[in-house]
Amino acid sequence: MQDKFSKLISASLLMALSTVLPVSADQGEAAAAEPHPGEALYNENCAACHDKPFYKAPSRFFISQLTTSSLVRVMGEGVMQSQASALDADQRLAVAEYLTGKSLADEPEMIVPPVCDAEHQFDASQPPVSVGWGVDLHNTRFQTAAAGGLTADNVDELEVKWVFAYPGAMQARSEPVFGGGAVYVGSQDGTVWALDAETGCMRWKFSATAEVRTGVVITQWSADDDDVDPMIYFGDTIANTYALRAKTGELVWKIKGDGHRDATSTGTPTLHDGTLFIPVSSLEVVSAANPTYKCCSFRGAVLAVDAKTGEEVWKSYTVDETPAPVGKNAIGVDILAPSGAPVWNSPTVDATRGLVYVGTGQSYTSPADGNSDAIMAFDMKTGEKRWVSQQLAHDAWNVACYRSFGGGAIPNVNCPEEDGPDFDFGAGTALVTLESGKQVVVGGQKSGDAVGVDPDTGETLWKTRVGRGGTQGGVHFGMAADGGTLYVPINDKPFPDDHRYEYSKMDPNPGVFALNAANGEYLWSSPAPDDVCGDLPFCDPGVSQAITAIPGAVIVGYMDGRVRIHAKDSGEVIWERNMLGEYESVSGETATGGAFSGGGVLVANNQLYINAGYGYNFHIPGNALVVMGLRDTPDSD
């Protein structure tokens with residue numbers, strides 16, 4: 001299957017590259033005489049980012065794999081709305097049709113799974129097995145045997161049960177949640193799906209305004225509560241948060257988490273005791289690449305709302321001061337500061353202390369703010385900031401610092417003087433309870449560091465360098481913990497612009513590692529295999545996806561398209577499956593597996609729900625939700 005998949009990706013890549021390269025004179029006069037109306041518009045407005053290895057901008061190859069309608073939607077009301085604001089509706093359509101090579105009028109209707117029958121509707125006797133992204137409120141990402149059904153002793157019995165193909169997608173990064181006998185998950189085209197957990201039939205679908213990359217959160221209930229009317233919650237990439245009825249998909253409320261034009265929702269909201277805690281991040285780092293852009297005015301935040309109504313309870317910013325002019329760039333445009341410190345991750349709830357913990361990203365402008373690259377605690381009731389534990393000072397960076405932008409070696413005028421290194425806390429924090437009963441807040445950073453912090457004071461208890469780190473290095477989306485064992489995934493993908501930083505002289509260290517959460521000491525190391533990618537385009541050995549622990553093991557999705565399950569006591573790989581290739585899906589559409597990143601796997605009722613595909617930042621695309629369950633055994637007489 002891998003050989004077939006390699007040929008498929010290679011052929012697609014060659015075809016995409018052939019459209020990027022300039023057409024020579026001997027390739028025919030017809031092409032030169034009648035250029036596509038979207039070609040010049042694309043070259044003028046889009047090519048500077050998408051035709052180069054430009055950080056956070058998907059390559060032209062990847063965006064060409066989307067449907068025309070998806071691209072129109074992304075430019076008109078999605079994550080690229082501000083970048084495409086100079087184009088009218090007809091021009092956006094022309095760009096989309098040029099990139100895909102397909103007319104919107106000829107685009108086929110979405111292929112969906114069969115609608116569920118009466119026997120596969122909401123079942124109150126099957127309550128949720130997790131609260132959302134972090135599995136529990138402490139964000140340990142540990143699923144018990146009682147709720148998940150999988151342990152180190154039975155994972156060798158896993159086999160594919162059914163597969164769902166996300167329509168018009170090249171990435172699958174929304175972590176599913178289970179409840180009422182259904183699995184709820186978002187997708188790249190903004191559709192949220194309620195699929196029967198056992199069969200994959202469709203209970204309902206809902207169209208959000210833009211891509212849903214956050215995980216889905218669901219109201220908790222007990223199996224004996226027949227009158228429950230639960231809701232699910234999620235965010236889209238233009239910072240809207242939604243509440244739907246889990247039974248029907250009916251919209252209950254929708255709010256905008258932040259008014260900034262570049263605000264986005266990446267971290268999954270956290271639900272506790274009737275309050276929904278919503279993290280706010282942004283893509284203003286990309287807007288900063290424009291020298292005439294007044295950089296930068298965004299600051300990260302946590303928003304608390306009433307889960308029933310969406311009404312604001314409190315909103316607290318990670319950066320205390322409102323950004324204000326502090327100078328001008330080289331062409332006379334205002335520089336605003338302090339800015340940045342976005343919250344990319346899902347909040348951790350500490351009900352005992354009444355605190356909510358988050359990690360923050362870098363500052364966007366100089367001077368770098370003391371709240372960037374930090375773990376911080378907010379009062380759960382008031383939003384008051386209780387403490388800040390900054391782990392890296394003087395980290396100010398935006399995409400204007402990217403040397404390859406524009407083909408030059410000198411950064412754009414909006415690059416702050418600190419010039420990186422862009423070491424976010426992209427992964428969620430976790431509150432770990434040790435065998436002694438003591439607790440520690442742990443976090444993983446793109447620097448490759450794992451850190452333990454005192455939950456009462458924010459004092460740093462220990463710090464361990466696990467990976468080399470980098471723009472696409474270190475810890476990305478989530479660690480996991482089983483008691484005092486902390487599992488740390490490391491990506492450490494090399495990136496063209498990393499060479500100027502001191503860490504680039506270190507050897508990369510992709511793989512998964514286990515630390516003692518009490519002191520940060522190594523328990524074991526399991527470096528990623530470096531002999532599986534071969535010539536497969538966009539293949540890397542590291543781990544970007546959030547990982548998930550089960551009794552005796554940890555489940556790890558790799559950038560090379562493999563899922564590997566490592567033993568808790570040694571790190572040995574006890575189960576492995578290559579998820580690349582094509583699958584027959586429940587809708588009849590062919591699904592394709594790819595790399596793993598973003599939200600992790602869902603473990604629920606003896607089944608493993610795996611999102612396979614990450615066509616972003618030059619990784620292997622895919623659009624598959626692969627559901628694996630324990631092998632059926634014949635009934636005994």
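All residue numbers in this chain count up from 1 along the given sequence. Only a predicted model underlies this, so the values are computations on that prediction, with no experimental measurement involved.
- Under a 3.5 Å cut-off, the side chain of Gln545 and the backbone N or O of Gly599 do form a donor-acceptor pair.
- When ring centroids are compared, Trp193 and Tyr184 stay outside the 6.0 Å threshold.
- Between the Asn623 side chain and the Ala165 main chain, no donor and acceptor come within less than 3.5 Å of each other.
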Does the side-chain hydrogen bond (donor to acceptor under 3.5 Å, both in side chains) test come out yes or no for Ser297 and His260, once each step is laid out?
CA-CA 8 Å; Ser297 55; His260 194 281; 2.8 Å; yes
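- Geometric assessment of Arg173 against the ring of Tyr614 yields a negative cation-pi assignment under the 6.0 Å and 45° thresholds.
- At a threshold of 4.5 Å between non-hydrogen side-chain atoms, the residues Lys446 and Val475 do not count as touching.
- Two residues are said to be in side-chain contact when any heavy atoms from C-beta on lie closer than 4.5 Å; Cys415 and Tyr402 fail this criterion.
- Under the 3.5 Å distance criterion, with hydrogens and angles disregarded, a donor-acceptor pair is assigned to the side chains of Thr348 and Thr429.
- Using a cutoff of 4.0 Å between basic side-chain nitrogens and carboxylate oxygens, Glu284 and Arg261 are not scored as salt-bridged.
- Using a 4.0 Å cut-off between a side-chain N of Lys or Arg and a carboxylate O of Asp or Glu, Lys385 and Asp320 qualify as a salt bridge.
- Inter-residue side-chain proximity for Phe164 and Ser585 is flagged as unmet; no heavy-atom pair is nearer than 4.5 Å.
- Considering only heavy atoms from C-beta on, Pro176 stays 4.5 Å or farther from Val216 through its side chain.
- If you look at Phe423 and Tyr503, their ring centroids are closer than 6.0 Å.
- The minimum heavy-atom distance linking Asp419 with Cys401 is given by the pair OD1-CB, 3.3 Å.
- The number of heavy-atom neighbours closer than 6.0 Å to NZ of Lys308, taken from other residues, nucleotides and ligands shown, is 12 or below.
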Would Thr365 and Ser339 count as a side-chain hydrogen bond (donor to acceptor under 3.5 Å, both in side chains) here? Give the steps.
CA-CA 6 Å; Thr365 46; Ser339 64; 2.7 Å; yes
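- Of the charged side-chain nitrogens involved, at least one lies within less than 4.0 Å of a carboxylate oxygen, so that Lys315 and Asp258 count as a salt-bridged pair.
- Aromatic ring centres of Phe538 and His619 lie farther apart than the 6.0 Å criterion allows.
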Step by step, would you call Phe206 with Thr191 a side-chain contact (heavy atoms from CB on, under 4.5 Å)?
CA-CA 6 Å; Phe206 172 87; Thr191 305; over 6 Å; no
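- Glu312 CD: more than 12 foreign heavy atoms inside a 6.0 Å radius.
- Residues Thr209 and Tyr242 have side chains in contact (heavy-atom distance under 4.5 Å, counting atoms from C-beta outward).
- Heavy atoms only, all atoms of each residue included: Pro291 and Asn412 are closest at CG-ND2, 3.3 Å.
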